[in-house]
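What follows is one structure encoded as structure tokens, with my remarks underneath.
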Amino acid sequence: MMAPQVVSSPFLKPFFLKTPLSVASSRRQRRHTLPATFISVSGECPLTLEEVLSFLGHCPELSLGWFEEGQLVAFIIGSGWDKDKLEQEAMTTHVPDSSTVHIHVLSVHRHCRQQGKGSILLWRYLQYLRCLPGLRRALLVCEEFLVPFYQKAGFKNKGLSAINVPALTFTEMEYQLGGLAYARRNSGC
Ligand SMILES: CC(=O)SCCNC(=O)CCNC(=O)[C@H](O)C(C)(C)COP(=O)(O)OP(=O)(O)OC[C@H]1O[C@@H](n2cnc3c(N)ncnc32)[C@H](O)[C@@H]1OP(=O)(O)O
């Protein structure tokens, strides 16, 4: 068995899609969303392709991609946020020099799920964030069924999020990055 290839680049490079999927939904319609192989199980992608490219342009250091043989198999898109809890505005905003990272999306290619890749990439990302000066915590929102997944990764449940889209509610999850001087000393940062 081949050992999994470690994330090949610290930053997710912009990627261009041949066949962007337009997710037609009765709840909302989004233009140029990520391809079907990456969208969420609920069929909604939280970011449009333009938003992904915008975050990659403004804060590439807060995104991470996993590539195998040149193909993107999983990624995380993050941006800076400066308030205690995530608000609707956080969905499209990057606040520079803030102590909080908003993880907009963690996504694994449909053909590569349930192989541990999502957990591994998230772990690598959180380790990496610890090396960035000034960062104290990571926040994200997810649907209820993914709360255990993030809890296993060390996130704490902060309750119902102020962010919602019609017919969907989200739970806010928080991960404290600080206070791990030992991990920092031994992590090669
Ligand atoms: C902030 C956010 O991005 S929230 C949205 C998360 N992303 C998405 O929904 C996009 C589509 N889904 C995916 O890309 C993937 O399924 C991810 C990122 C959720 C998980 O990545 P994977 O590589 O499949 O996960 P990994 O193999 O590391 O871990 C599997 C665990 O994930 C959890 N999990 C994954 N999908 C689901 C699901 N649909 N329902 C419930 N739990 C799930 C389970 O806890 C599972 O553990 P189990 O095998 O013991 O049941």
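Counting convention: from 1, in listed order, for ligands and their atoms alike.
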Pull out every atom of ligand 1 sitting under 4.0 Å from any heavy atom of [X], numbered as shown with elements.
{"X": "Lys117", "result": "23 (O), 28 (O)"}
{"X": "Ser107", "result": "10 (C), 14 (O)"}
{"X": "Lys152", "result": "45 (O), 47 (O), 50 (O)"}

Just going by heavy-atom distances, which of [options] is nearest to [atom]?
{"atom": "atom 15 (C) of ligand 1", "options": "Glu143, Arg113, His102", "value": "Arg113"}
{"atom": "atom 32 (O) of ligand 1", "options": "Phe170, Phe145, Phe149, Trp123", "value": "Phe149"}
{"atom": "atom 36 (N) of ligand 1", "options": "Gln114, Met173, His109", "value": "Gln114"}
{"atom": "atom 26 (P) of ligand 1", "options": "Ser119, Ala153, Pro148", "value": "Ser119"}
{"atom": "atom 34 (N) of ligand 1", "options": "Leu146, Leu140, Leu121", "value": "Leu146"}

Requested in this report: Say whether Val141 and ligand 1 are in contact under the criterion: heavy-atom distance to a ligand atom below 4.0 Å.
Outcome: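 Under 4.0 Å: yes for Val141.
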Does the N or O separation between [X] and ligand 1 drop below 3.5 Å for any pair?
{"X": "Leu106", "value": "yes"}
{"X": "Ile103", "value": "no"}
{"X": "Gly118", "value": "yes"}
{"X": "Gly116", "value": "yes"}

Query raised in the report: So which heavy atom on Tyr175 is nearest to which on Arg130, and how close?
Result: OH-NH2, 2.5 Å
Requested in this report: Have a look at ligand 1 and work out which part of Phe75, if any, has a heavy atom under 4.0 Å from it: side chain, backbone, both or neither.
Outcome: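 It is neither part, as no heavy atom is under 4.0 Å.
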Query raised in the report: Per the side chain to side chain contact (heavy atoms under 4.5 Å, CB included) rule, which among Ser98, Pro96, Ser79 passes with Cys59?
Result: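 Only one option passes, and that is Ser79.
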Query raised in the report: Heavy atoms, side chains only, cut-off 4.5 Å: are Trp81 and Leu86 in contact?
Result: yes
Report task. Enter the distance from Ile163:CD1 to Lys85:NZ here, rounded to the nearest 0.5 Å. Result -> 10.5 Å
